[in-house]
Amino acid sequence: RFLAFDWDKTNAQFNWGGRVPVQVNCPAKDAEACAYAKEIAVLLRDAGLQLKYDGVVLDEEFPPELTGIRIVARWFTQSPPTFAMADAFKAIGVSVERRTNKFSEAAPMLVLVGKRQ
């Protein structure tokens, strides 16, 4: 799985790089999902987004039923970026769902990378 969409175009169009912290998680015991998550984290960082923990969180409590990608906005200001990111993943044929979970303005947007679809 290689990501081939234009993050620079997406970032410029929605002007959100750097202002929304992003945390990328994968299931700790799924090497394939975590390798894919690392690719995504590199693309996000290269596009100018602020990565929480500067990489991928190997999540022991990851939702076992999740396939594809789930993007979770943790505050209202994160909603527009989640639409842009979801559209970018869908454009390359990746299954993605988007959720909003009001938590804290300081909480990062979550990108959960599950098992292969």
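Shown here for Cys34 and Pro27, the closest heavy-atom pair between the two residues is SG-O, 3.2 Å. Here the shortest heavy-atom pairing between Leu66 and Glu97 reads CD1-OE1, 4.2 Å.
With contacts defined as side-chain heavy-atom distances shorter than 4.5 Å, the pair Lys52/Val22 does not qualify. With a 4.5 Å cut-off on side-chain heavy atoms, Arg45 and Gln50 do not count as touching. The shortest distance between side-chain heavy atoms of Cys26 and Val56 falls below 4.5 Å. Between Tyr36 and Val94, some side-chain heavy-atom pair lies under the 4.5 Å cut-off.
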Please report the C-alpha distance between Arg98 and Arg70 in whole Å, then the side-chain angles of each, then the deciding distance to 0.1 Å, and finally whether the side-chain contact (heavy atoms from CB on, under 4.5 Å) criterion is met.
CA-CA 6 Å; Arg98 199 190 65 76; Arg70 178 182 297 159; over 6 Å; no
Just do the side-chain contact (heavy atoms from CB on, under 4.5 Å) check on Val57 and Val24 with the steps written out, would you?
CA-CA 6 Å; Val57 174; Val24 181; over 6 Å; no
Working note: Ile69 + Ile40, criterion side-chain contact (heavy atoms from CB on, under 4.5 Å); need CA distance, chi angles, decisive distance, verdict.
CA-CA 11 Å; Ile69 295 174; Ile40 291 169; 3.7 Å; yes
For the pair Leu44 and Leu51, evaluate side-chain contact (heavy atoms from CB on, under 4.5 Å) and give the outcome as yes or no after the intermediate values.
CA-CA 8 Å; Leu44 295 174; Leu51 280 184; 4.3 Å; yes
Would you please test Glu32 and Lys115 for salt bridge (charged side-chain N to carboxylate O under 4.0 Å, His left out) and show each step?
CA-CA 8 Å; Glu32 182 183 30; Lys115 58 190 165 207; over 6 Å; no
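Atom CG in Leu43 sits 15.0 Å away from atom NZ in Lys38 (nearest 0.5 Å). For the atom pair CG of Leu110 and CD1 of Ile71, the computed distance is 10.5 Å after rounding to the nearest 0.5 Å.
In the hydrophobic clustering of ILVMFWY residues, with side-chain heavy atoms under 4.5 Å counting as a link, Ile92 and Val111 come out together.
Counting heavy atoms of neighbouring residues, nucleotides and ligands inside a 6.0 Å radius, atom CD of Glu65 exceeds 12 of them.
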